Amino acid sequence: MLFLRETNRLCSAALLAATLTVVGPVNAQSVLDGDTISVEGRIWRLWGIEAPGTTQLCGDGWAAGDRAIAFLQSLVHDRVIGCEFRGRDGTDVAIGLCRADETDLGAAMVMAGMAWALTPDSVDYVPQEAEANARGLGVHAHDCLPPWSERTDNER
């Protein structure tokens with residue numbers, strides 16, 4: 001009888017430990033910029049996109065960085081967030097395909113013109129970018145440089 005109680009106790013402890021290590025979808029805790037969120041203290045860069053820099057203004061003065069952050073906040077607010085690990089960026093931050101409920105955050109950002117498809121890393125969102133560009137949405141309507149072009153221009 002003592003053996004059975006001890007076995008049950010160990011099985012319960014093992015089950016509890018396994019449950020605690022499973023990382024499931026949770027509410028996003030914060031939006032760090034237009035393509036980066038923090039979920040339960042872990043920073044995630046959104047897979048396949050690049051949003052305007054936090055303080056980036058477009059050629060016509062449109063605050064692209066602020067708009068991208070606000071849009072991403074609206075996408076994650078009061079929604080369950082789950083991220084599928086896809087790799088790490090150059091600063092060792094996790095890159096993930098993140099969803100708010102069932103909405104692919106990267107796709108939503110690009111479709112709204114709040115980010116660009118990050119090619120050649122991924123071609124996943126090229127059709128969404130083409131559609132946003134054709135419709136003149138977000139960055140495509142305001143003479144905005146993609147962040148990688150702006151970085152190159154600022155380095156000269």
Side-chain angles (χ1 to χ4, degrees), residues 17-156:
T19 303
L20 293 175
T21 59
V22 172
V23 178
V26 296
N27 287 328
Q29 293 177 340
S30 59
V31 170
L32 304 178
D33 61 29
D35 55 26
T36 311
I37 60 176
S38 175
V39 180
E40 293 219 328
R42 183 171 189 185
I43 297 173
W44 291 92
R45 288 215 23 157
L46 300 180
W47 164 257
I49 74 167
E50 188 159 358
T54 304
T55 60
Q56 183 176 339
L57 299 176
C58 296
D60 64 359
W62 191 65
D66 289 343
R67 297 292 178 101
I69 291 168
F71 188 74
L72 185 54
Q73 287 171 331
S74 75
L75 291 173
V76 301
H77 182 71
D78 285 337
R79 293 194 174 85
V80 176
I81 307 301
C83 293
E84 175 187 315
F85 182 79
R86 294 284 176 100
R88 295 198 175 275
D89 70 7
T91 61
D92 205 34
V93 172
I95 299 171
L97 175 64
C98 298
R99 298 181 191 281
D101 295 331
E102 297 300 315
T103 301
D104 177 337
L105 295 174
M109 291 294 290
V110 173
M111 279 193 294
M114 296 296 156
W116 291 268
L118 187 57
T119 58
D121 292 353
S122 164
V123 294
D124 290 356
Y125 305 122
V126 170
Q128 290 90 340
E129 183 175 328
E131 177 69 20
N133 190 19
R135 294 178 61 205
L137 300 176
V139 296
H140 307 290
H142 295 281
D143 192 26
C144 298
L145 287 176
W148 55 87
S149 294
E150 187 172 85
R151 283 191 297 268
T152 302
D153 288 347
N154 288 338
E155 290 170 2
R156 292 181 188 161

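The model shown is predicted, which means the values in this text are computed figures rather than measured ones.
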Keeping the roles fixed (side chain from [X], backbone from [Y]), state whether a donor-acceptor pair exists under 3.5 Å.
X: Glu129; Y: Ala117; answer: yes
X: Gln56; Y: Cys144; answer: no
X: Asp101; Y: Arg79; answer: no

Whether over 12 other heavy atoms sit under 6.0 Å from Arg135 CZ =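 Result for CZ/Arg135: open.
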Report the C-alpha distance between Trp44 and Arg86 in whole Å, list the side-chain angles of each, state the deciding distance to 0.1 Å, and finish with yes or no for side-chain contact (heavy atoms from CB on, under 4.5 Å).
-> CA-CA 10 Å; Trp44 291 92; Arg86 294 284 176 100; over 6 Å; no
Quick one: does [X]'s side chain get under 4.5 Å of [Y]'s, heavy atoms only?
X: Ile49; Y: Met114; result: no
X: Asp121; Y: Ile95; result: no
X: Asp104; Y: Trp47; result: no

Between atom OG1 of Thr54 and atom CG of Asp33, what is the distance when rounded to the nearest 0.5 Å?
->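 CG of Asp33 is found 4.5 Å from OG1 of Thr54.
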Between CG on residue Leu137 and CD on residue Glu131, distance to nearest 0.5 Å =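 It is 8.0 Å, given to the nearest 0.5 Å.
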Distance-only side-chain donor-acceptor flag, Asp89 / Thr91, under 3.5 Å |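 Side-chain D/A pair, Asp89 to Thr91: present.
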With under 30° as parallel and over 60° as perpendicular, where do the rings of Trp62 and His142 fit, or are they tilted in between?
->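 Because their plane-to-plane angle is under 30°, the rings of Trp62 and His142 count as parallel.
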